[in-house]
J.: 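Quick one: this structure, given as structure tokens, is what I'll be asking you about.
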Amino acid sequence: MSKKRKRISRRRLAGQRVLAHVPTFHLETGEHKPVTAARRFIAEAGLRSPAILNVRRNEHTTDRFFWGEKGLFSAQYAEENHFLFPSLRIIVDSIGEDNMFQGLELTADDWEEIEEYEYAFV
């Protein structure tokens with residue numbers, strides 16, 4: 001019997017489109033845990049937000065982090081809540097919401113949820 005595919009939310013798809021315009025860095029963990037390796041890389045490289053960090057844990061596993069003005073987050077959280085980050089909002093505004101989210105028909109529920117967090121952009 002075939003496995004049923006999980007549907008990705010439109011909100012997360014929209015976040016993936018926004019994060020596609022953010023610079024990405026790839027690094028190895030070395031002897032540190034993935035989040036520690038990411039924090040050390042940010043400090044040593046003097047990275048400015050926003051940035052995506054792909055931290056390779058081993059040959060099978062890679063952890064993704066988002067470096068924003070509010071700190072270090074999982075990339076999945078940033079995708080789902082991209083409207084909470086002012087630096088991502090600047091990217092959306094520079095490209096244009098119509099161009100960025102073309103083809104993604106957001107439901108009313110998604111927009112109501114985004115409007116609840118409108119204070120994040122003030």
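What you see is a predicted model; the values in this text were computed from it and never measured. The chain is numbered in sequence order, starting from 1.
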J.: I'd like to check the side chain to side chain contact (heavy atoms under 4.5 Å, CB included) partners of S94; sequence neighbours left out, ordered by chain and number.
T.: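 S94 satisfies side chain to side chain contact (heavy atoms under 4.5 Å, CB included) with no residue once adjacent residues are dropped.
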J.: If you round to the nearest 0.5 Å, how far is OG of S87 from NZ of K70?
T.: 9.0 Å
J.: Mark yes or no for whether N81, through its side chain, and L84, through its backbone, hold a donor-acceptor pair below 3.5 Å.
T.: no
J.: Same cluster for Y77 and V92 if Ile/Leu/Val/Met/Phe/Trp/Tyr side chains link at under 4.5 Å?
T.: yes
J.: Return the minimal non-hydrogen interatomic distance between R56 and E59, and the atom names on each side.
T.: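 Closest pair (atom of R56, atom of E59, distance): NH2-CA, 3.2 Å.
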J.: Report the hydrophobic cluster partners of I90, with the cluster defined as I, L, V, M, F, W, Y residues connected by side-chain heavy atoms closer than 4.5 angstrom, directly or transitively.
T.: none
J.: Under the rule for ring pair (Phe, Tyr, Trp, His ring centres under 6.0 Å), what residues qualify as partners of F66, not counting sequence neighbours?
T.: F85
J.: Is it possible for you to say whether V55 and F73 belong to one hydrophobic cluster, with membership spreading through side-chain heavy-atom contacts below 4.5 Å?
T.: no
J.: L88 and V22: which non-hydrogen atoms are nearest, and at how many Å?
T.: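 Result for this residue pair: CD2-CG2, 3.7 Å.
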J.: So among R11, R17, R64, which one has a side-chain contact (heavy atoms from CB on, under 4.5 Å) with E79?
T.: R64
J.: If you group Ile, Leu, Val, Met, Phe, Trp and Tyr by side-chain heavy-atom gaps below 4.5 Å, do I52 and I91 land in one group?
T.: yes
J.: Tell me every residue that passes side chain to side chain contact (heavy atoms under 4.5 Å, CB included) with A45, counting only those two or more places apart in sequence or in another chain.
T.: F41, L47
J.: Would you be so kind as to tabulate the donor-acceptor pairs closer than 3.5 Å made by side chains of residues 26-40, with sequence neighbours excluded?
T.:
| residue | atom | partner | partner atom | Å |
| --- | --- | --- | --- | --- |
| H26 | ND1 | N54 | ND2 | 3.3 |
| H32 | NE2 | R40 | NE | 3.4 |

J.: Restricting to side-chain hydrogen bond (donor to acceptor under 3.5 Å, both in side chains), what partner residues turn up for R48, sequence neighbours left out?
T.: none
J.: First locate atom CZ of R12, then atom CG of L19, and finally report the distance between them rounded to the nearest 0.5 Å.
T.: 10.0 Å
J.: Distance from S49 atom OG to L72 atom CG, nearest 0.5 Å?
T.: 11.5 Å
